[in-house]
Enquirer: 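One structure coming up, written as structure tokens, with questions to follow.
Keep in mind it's a predicted model, so treat the numbers as computed, not measured. Just so it is clear: chains get the letters A, B, ... in the order the sequence lines come, proteins before strands, and each one is counted from 1.
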Number of protein chains: 2
Amino acid sequence: MNAAEIREFRDACSAAGIAVTHQRQVVWQALRSMHGHPSPEEIYERVRPRIPAISLATVYKNIHLFIESGMFREVSLHHGSMRVETNPEPHHHLVCRVCKSIRDIDAETLGVAGKPRRLPDGFLAERYAIDILGLCAKCQKSM
Amino acid sequence: MNAAEIREFRDACSAAGIAVTHQRQVVWQALRSMHGHPSPEEIYERVRPRIPAISLATVYKNIHLFIESGMFREVSLHHGSMRVETNPEPHHHLVCRVCKSIRDIDAETLGVAGKPRRLPDGFLAERYAIDILGLCAKCQKSM
DNA sequence: CTATTAAACGATAATAATTATCGTTTGTCA
DNA sequence: TGACAAACGATAATTATTATCGTTTAATAG
Ligand SMILES: [Mn+2]
Ligand SMILES: [Mn+2]
Ligand SMILES: [Zn+2]
Ligand SMILES: [Zn+2]
């Protein structure tokens with residue numbers, strides 16, 4: 001809305017090497033104005049009042065560009081389908097953001113321990129699931 | 001395959017209040033024999049040589065039953081669609097396994113800190129994503 | 001060891017999320 | 001002010017998952 005925000009958006013686009021389009025800016029501002037963890041559909045519904053003719057595909061394309069360029073992040077990586085854990089031992093995961101591989105790592109090797117005291121809003125913790133996001137050795141080489 | 005495993009499967013079924021069927025047992029054994037984090041399709045392909053007539057739907061149904069009854073777990077909860085993070089601050093999440101709500105929690109409140117030293121296989125860590133899985137206050141009451 | 005009955009199964013249609021295609025429009029840059 | 005690649009909208013296609021429904025099977029009571 002304001003000038004500083006528009007400048008920030010333009011700078012982010014040029015840093016990412018993408019064009020400054022009206023649709024892109026409105027999607028970006030919608031995300032800026034939203035709280036929580038919206039789905040593409042929810043973002044679409046937020047954008048539609050401003051650009052009634054926008055396509056859901058455009059929203060998807062721009063979300064992906066924003067994530068690739070680091071302007072926003074995904075809450076958790078999608079693997080395309082559900083995955084079943086076959087390792088019954090308590091452990092955590094190394095997840096590669098490029099090839100999406102998942103490797104087990106036990107809490108000891110990881111060096112984080114200890115359940116917390118009390119959680120906000122009376123949340124009852126049953127399990128800690130730590131994903132370390134990054135690059136596997138193979139994907140580091142191919143860059 | 002062996003008697004002890006079959007006994008374990010039968011006990012788990014009766015504890016879960018579900019019938020002992022041939023298909024169910026083969027899916028269970030397939031999961032037992034697999035490593036890593038297989039998808040329903042991969043489990044299906046593993047089961048097919050033993051029961052060529054099995055339906056993919058049956059594999060899905062049994063995976064869900066196994067997860068509901070605690071015989072296996074999902075690698076990470078599915079929210080049905082991708083979610084975009086709107087909070088630019090580093091933080092973690094409280095995820096309710098019943099209503100699938102996601103609440104932000106900052107690392108400080110959580111009381112876990114510290115990047116680890118070196119990760120196995122040359123994995124390059126870029127970000128820690130901690131999901132605390134459990135029950136939100138509302139879902140605790142409705143039980 | 002049967003008969004009853006609810007649960008489970010297989011086939012397949014339906015749904016939901018996401019991606020691909022393609023002709024048209026619009027930024028970018030010289 | 002063009003030329004051209006990038007982006008857009010419409011929509012078809014794909015993928016993952018779930019629902020439906022007629023048939024088969026496991027549980028169990030007698
Ligand atoms: Mn694992
Ligand atoms: Mn968050
Ligand atoms: Zn990788
Ligand atoms: Zn809940």
Side-chain angles (χ1 to χ4, degrees), chain A residues 6-7 9-30 37-45 47-69 71-72 74-84 100, chain B residues 6-7 9-30 37-45 47-69 71-72 74-84 100:
Chain A
I6 289 170
R7 200 172 317 116
F9 171 69
R10 289 175 180 278
D11 289 350
C13 285
S14 78
I18 61 180
V20 174
T21 69
H22 181 220
Q23 289 88 341
R24 184 160 295 157
Q25 177 169 330
V26 173
V27 173
W28 186 87
Q29 286 179 327
H37 311 92
S39 66
E41 277 285 342
E42 288 166 342
I43 297 162
Y44 178 55
E45 289 310 321
V47 167
R48 241 134 73 96
R50 305 217 179 202
I51 314 179
I54 198 170
S55 166
L56 177 58
T58 297
V59 174
Y60 267 100
K61 288 173 208 163
N62 280 306
I63 291 171
H64 286 313
L65 284 172
F66 293 160
I67 290 171
E68 282 164 32
S69 65
M71 296 162 82
F72 288 93
E74 242 182 306
V75 171
S76 60
L77 293 191
H78 264 217
H79 292 94
S81 61
M82 80 172 292
R83 300 304 180 89
V84 181
K100 314 234 179 197
Chain B
I6 289 171
R7 199 170 320 116
F9 172 70
R10 288 176 180 279
D11 289 350
C13 285
S14 79
I18 60 180
V20 174
T21 70
H22 182 220
Q23 290 88 339
R24 183 160 295 158
Q25 178 169 329
V26 173
V27 172
W28 186 88
Q29 287 179 327
H37 311 91
S39 66
E41 277 286 341
E42 287 166 341
I43 297 161
Y44 178 55
E45 289 310 320
V47 166
R48 240 135 72 96
R50 306 217 178 202
I51 313 179
I54 198 171
S55 166
L56 176 58
T58 297
V59 174
Y60 267 99
K61 289 174 209 163
N62 280 305
I63 291 171
H64 287 313
L65 284 172
F66 294 160
I67 290 171
E68 281 165 31
S69 64
M71 296 161 82
F72 288 93
E74 240 182 308
V75 172
S76 59
L77 293 190
H78 264 217
H79 292 93
S81 61
M82 79 172 292
R83 300 304 179 88
V84 181
K100 313 236 182 200

Enquirer: Where do A/Glu41 and B/Ser81 land on the side chain to side chain contact (heavy atoms under 4.5 Å, CB included) test, with the steps shown first?
Expert: CA-CA 9 Å; A/Glu41 277 285 342; B/Ser81 61; over 6 Å; no

Enquirer: Taking all atoms of both residues into account, what is the closest heavy-atom pair of B/Phe9 and B/Val20, and its distance?
Expert: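 Nearest heavy atoms, B/Phe9 then B/Val20: CE2-CG1, 3.8 Å.
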
Enquirer: Please report the distance, rounded to the nearest Å, between CG in B/Leu65 and C1' in D/dA26.
Expert: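 Between C1' of D/dA26 and CG of B/Leu65: 15 Å.
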
Enquirer: Which whole-number value in Å describes the distance from A/Glu68 CD to D/dA7 C1'?
Expert: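 Checked: the CD to C1' distance equals 14 Å.
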
Enquirer: Output the rounded distance in Å from CG (A/Leu56) to P (D/dA12).
Expert: 15 Å

Enquirer: Work out which heavy atom in B/Ala30 is nearest to a heavy atom in B/Val47; give both atom names and the distance.
Expert: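 In this case the closest contact between B/Ala30 and B/Val47 is CB-CG2, 3.7 Å.
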
Enquirer: Return the value, rounded to whole Å, for the distance between atom CD1 of A/Ile51 and atom P of D/dA7.
Expert: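 Taking CD1 of A/Ile51 and P of D/dA7, I get 15 Å after rounding.
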
Enquirer: Give the rounded distance in Å between these two atoms: OH of A/Tyr60 and C1' of D/dT11.
Expert: 15 Å

Enquirer: Measuring from atom CD1 of A/Ile6 to atom CD of A/Gln29, what distance do you get when rounded to the nearest 0.5 angstrom?
Expert: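 Reported to 0.5 Å precision, the distance equals 6.0 Å.
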
Enquirer: Evaluate the ring planes of B/Phe72 and B/Trp28, with Trp represented by its six-membered ring, and classify them as parallel (under 30°), tilted (30 to 60°) or perpendicular (over 60°).
Expert: perpendicular

Enquirer: Which ones in residues 74-81 of chain A lie close to DNA chain C, meaning a heavy atom under 4.0 Å from one of its atoms?
Expert: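 The answer is A/His78.
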
Enquirer: Using side chain to side chain contact (heavy atoms under 4.5 Å, CB included), reason through B/Glu68 and B/Ile18 one step at a time and then give a plain yes or no.
Expert: CA-CA 11 Å; B/Glu68 281 165 31; B/Ile18 60 180; over 6 Å; no

Enquirer: Which of these passes side chain to side chain contact (heavy atoms under 4.5 Å, CB included) with A/Tyr60: A/Ile63, A/Thr58, A/Leu56?
Expert: A/Leu56

Enquirer: Going 5' to 3' through nucleotides 21-30 of chain C, assign each nucleotide B (protein heavy atom under 4.0 Å from a base atom), S (under 4.0 Å only from sugar-phosphate atoms) or - (no protein heavy atom that close).
Expert: ------SS--

Enquirer: Please pick, from C/dA11, C/dT18, D/dC8, the nucleotide with the shortest atom-to-atom distance to any side-chain atom of A/Arg24.
Expert: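 For A/Arg24, the side-chain atoms sit closest to D/dC8.
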
Enquirer: Quick one: do A/Val27 and A/Ile54 satisfy side chain to side chain contact (heavy atoms under 4.5 Å, CB included)? Show the steps, please.
Expert: CA-CA 10 Å; A/Val27 173; A/Ile54 198 170; 4.2 Å; yes

Enquirer: Measure the distance from CZ on A/Arg83 to C1' on D/dT17 and round it to the nearest whole Å.
Expert: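 The answer, rounded to whole Å, is 15 Å.
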
Enquirer: Just the rounded figure in Å: distance from C1' of C/dA7 to CG of B/Asn62.
Expert: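 After rounding, the reported distance stands at 12 Å.
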
Enquirer: Whole angstroms only, please: what is the CD-P distance between A/Glu42 and C/dT18?
Expert: 11 Å

Enquirer: Atom OG of B/Ser39 and atom NE2 of A/His79: how far apart are they, to the nearest 0.5 Å?
Expert: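 It comes to 11.5 Å.
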
